[in-house]
Amino acid sequence: MENDFLAHLNSEQRGAVEATEGPVMIIAGAGSGKTRVLTYRIAHLLNKGVDPYRVLSLTFTNKAAREMKERIAHLIGDHARDLWMGTFHSVFARLLRREATKIGYPANFTIYDTDDSKTLLKSIVKEMSLNDTAYKASSLLGRISSMKTMLISPKEYLNDIQYINEDRAARREHFAQIYETYNKRLYKSGAMDFDDLLYHTNMLLRDHPESLLKYQDMFRYILVDEYQDTNFSQYMILRQLAARHLNICVVGDDAQSIYAFRGANIQNILNFQKHYPDTQIFKLEQNYRSTKTIVAAANQVISKNRDQLQKTVWTSNEEGEKIRVSRAFSDSEEGRLIAQSIFDTRVSKQAKNKEFAILYRTNAQSRPLEEALRKLNIPYRIYGGVSFYQRKEIKDLMAYFRLTINQHDEEALRRVINYPVRGIGDTTFDKMIVAAADNDVSIWTVMENIADFNLPLQTRAIEKIKEFVTLIKSFTALLPDYPAYKMGDYIASTSGIMKELYQDRTPEGVNRMENIQELLNGLKDFTEKADQEGPVPTLDKFMEDIALLTSEDINEDEEHDADKVLLMTIHAAKGLEFNYVYIGGLEENLFPSQMAIMSREELEEERRLFYVAITRAKKQANLSYSISRYKYGNSLSCEPSRFLEEIPQDCVENVISYSSNSSSSSNDSYSGFPRSPKVFNVSPPVMKPAPTFGKKLVSLKKVSSGAPVDNSHLTDLQAGAKVEHDRFGIGEVITIEGRYPNSKAIVMFENGEKKQLLLRFARLKILS
DNA sequence: GGACGTTCTGTTTTT
DNA sequence: CAGAACGTCC
């Protein structure tokens, strides 16, 4: 059995698997079978008789952890379940729940996501009556995050002359105080933000020797995937945990370090050997994934970076096709080129949709790509993107869940105290915040004892608060006995959320209702999957790690295997591979990003990102750029990315335009769009926004959902003006005749989309 | 307190 | 351009 699976490894890989004792660093080039080595290494350990719960294996995403677990279970069997395996955040959240009381937290602490953190910061800035343009929540959170990553507490921050001077220079003298208040509020709320999970783990291990010893002893073998992307806080946790047995194995590729922006420190991997003097190093240099062409191009590009560990990635795979570089006229044409190419390749190579991926630097680039794919009826899926759990309706319901579990959760309270409307407005809430701060308690405590605080509130408001407290308490009382689904369903209806959503019959409203239903289905699954013999699968158990999930961690069954082209950011593509990869938007200032071309380090990170992108391809890589790109309604001219020049020219085939290739789909369905000019030595066209007259011609009365708009909905119509409209795709064309002869306004809106889009409609601009 | 309308402001990547 | 924040009116 043992030799059975080890036979699947090459000699490099096998060495890395069998060196179980002492510090080990595995430098794994792109496509070198890193995951295989990690899984076999763990399987090998278990085979040798190591108890699964003594193995701590940290991965970068939940998905990677899940896949690895499955593969190990396949090799070894069921007790793979008992491995400590997951992301840093999820594993240490789990550990902290066990030890929470030691650091003064309740075991059911809430995990704040970025939105919660930002809302809290906004509130703090407002309470301190500071200028919220100088103190922007996102930049405050960024700085707080990097401080926590460096393990610098507010107190230490205050005592650091350099930080204080920095803040003075940057005119944010109050940062230290904000940081302190923020932490205090988190604490009062029984909440941690993402960085706290690692920070507090560090503190637990640092300040509680008995805990340190316990976990050092427990985790005899530590494995870390994607080590190049660990930050200082994570490094310190590892250092503390591994200090006793020194059985720490890190796997990574410095060439694929792409998370410096969130504190990842590439020095961790570059200096591993210094930190652990007896390190055995293994290099996996054979690439099993890509063609010779792709490997050669990637090697050449990454060689421009200065900071690197020496290694030579090679492959015995076939030469393969050249990398195609195409130039487009605009971002929408680029989308069409890519979609058309996918369409054609599907036929010529007999390929399935899911063999294709389109990668881009920023999420905003997906839209023109989606449009083009839709036009050719190519099914696609956006991988990652906004998490299911970020949607408003989901967050609202989950806020009730959170509040039921932990009443002190300020952000959950803020979300739902007046949703559905129950007459507790901002003024009341603000007064309670002040009272809470004055008395050094949570807002919930104020509400619970509202009468004792003698707040200047109307009797009615006080009554409403009492009702709300009673409502939440009634939920909490049921929590231990109700299974998660029953509890969730009960909360959804009793809180009034269901009623609120049910009243909204617009398509969006219906959609929101479906999302809620989906969340409840998730609860049902969770409840049903639970061990019948075991403890009741309560709602708080369900909620434990949910804040740490991404949209890829749900819905896996249905969507995962669907035959669809995948669209994603390059960051999200790490660890994945595809036969045909398209990388769009290779324009200077976009990729590399204009934010990142100031320093060598940043530029090198962008280059590593490009390296990651190109090495996702197994058979063929296609690169493209546009000479103009829409941004904020304007079209800006663009230069090709410097990375294109860094690819060896003998690996490249330049493709002018797919538009000239009329082999398929020559119908005129999008003939209205500009085609790529055949000659390129013309200066890039810059489209100007259409001239507008700010004059308000017409206002729109409320339109009931789905109903077509007609003259009776319009008020303030210019004298003599007439409105005609017809269907045009998903929107409508409105033609106005009147004061301005031949003037025309085209307004696209989806039926029922009554908020912003219809308001826009009311402010018609005349296109001359 | 809420609906409606206007003004402002973004835009890198994510556990 | 789109969404968020803010302001005004009932």
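What's counted below: heavy atoms across the whole structure, side chains too, no hydrogens, waters or symmetry copies. Chain identifiers are assigned alphabetically (A, B, ...) following the order of the sequence lines, protein sequences preceding nucleic acid strands; residue numbering begins at 1 within each chain.
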Given DNA chain B, 5'-ward residue of the pair N418(A) and S90(A), judged by closest heavy atom: N418(A)
- prompt: Using the C1' atom in both, what is the distance from dT13(B) to dA4(C), to the nearest Å?
  reply: 22 Å
field: For atom CZ of R361(A) and atom C1' of dT13(B), their distance in whole Å
entry: 5 Å
- prompt: Does T114(A) have a side-chain nitrogen or oxygen under 4.0 Å from the phosphate oxygens OP1 or OP2 of dT15(B)?
  reply: no
- request: Output the distance between atom CG (L151(A)) and atom CZ (F232(A)), rounded to the nearest 0.5 Å.
  value: 5.5 Å
message: Check this for me, if you would: do E67(A) and K63(A) make a salt bridge, where the nitrogen-to-carboxylate-oxygen distance has to be below 4.0 angstrom?
response: yes
message: Just N and O in the side chain of N363(A): are any of them under 4.0 Å from OP1 or OP2 of dT13(B)?
response: yes
query: Of the candidate nucleotides dA2(C), dT15(B), dT12(B), which contains the atom at the shortest distance from the side chain of R367(A)?
result: dA2(C)
message: Just to be sure I understand the rule, does Y259(A) reach a base, reach only the sugar-phosphate, or reach nothing, if contact means heavy atoms closer than 4.0 Å?
response: sugar-phosphate
field: Length of the line joining E601(A):CD and dT12(B):P, which is rounded to integer Å
entry: 20 Å
message: Whether K136(A) contacts dT9(B) is assessed here as follows: a side-chain N or O lying under 4.0 Å from the phosphate OP1 or OP2. Is that the case?
response: no
- request: Could you check whether K464(A) gets within reach of a base, just the sugar-phosphate, or nothing at all, counting any heavy atom under 4.0 Å?
  value: nothing
message: Using whole Å, what does the distance between atom P of nucleotide dT15(B) and atom CG of L58(A) come to?
response: 16 Å
message: Please determine whether a side-chain nitrogen of the Lys or Arg among E467(A) and R422(A) lies less than 4.0 Å from a carboxylate oxygen of the Asp or Glu.
response: no
message: Closer than 4.0 angstrom, basic N to acidic O: yes or no for K34(A) and D253(A)?
response: no
field: For atom CZ of F261(A) and atom C1' of dT14(B), their distance in whole Å
entry: 5 Å
task: Inspect the contact between E370(A) and R367(A) and indicate whether a charged nitrogen and a carboxylate oxygen are less than 4.0 angstrom apart.
output: no
task: Among dA5(C), dT12(B), dT14(B), find the nucleotide with the atom closest to the side chain of K122(A).
output: dA5(C)
- prompt: D195(A) near the nucleic acid: base, sugar-phosphate alone, or nothing, with a heavy-atom cut-off under 4.0 Å?
  reply: nothing
message: Nearest whole Å is fine: how far is dT13(B) P from Q594(A) CD?
response: 13 Å
Integer-rounded Å distance: dT14(B) P and K148(A) NZ: 21 Å
Carboxylate-amine/guanidinium proximity below 4.0 Å for D116(A) and R402(A): yes
message: In whole Å, I'd like the distance from the CD1 atom of I417(A) to the P atom of dG1(B).
response: 11 Å
task: Nearest-nucleotide wise, let me know which of T427(A) and A572(A) is further upstream toward the 5' end of DNA chain B.
output: T427(A)
task: Tell me what K574(A) touches on the nucleic acid: a base, only sugar-phosphate, or nothing, going by heavy atoms under 4.0 Å.
output: nothing
message: Tell me the interatomic distance from M192(A), atom CE, to dT15(B), atom C1', rounded to whole angstroms.
response: 16 Å
- request: Have a look at I424(A) and say if it touches a base, only the backbone sugar-phosphate, or nothing, with a 4.0 Å heavy-atom cut-off.
  value: sugar-phosphate
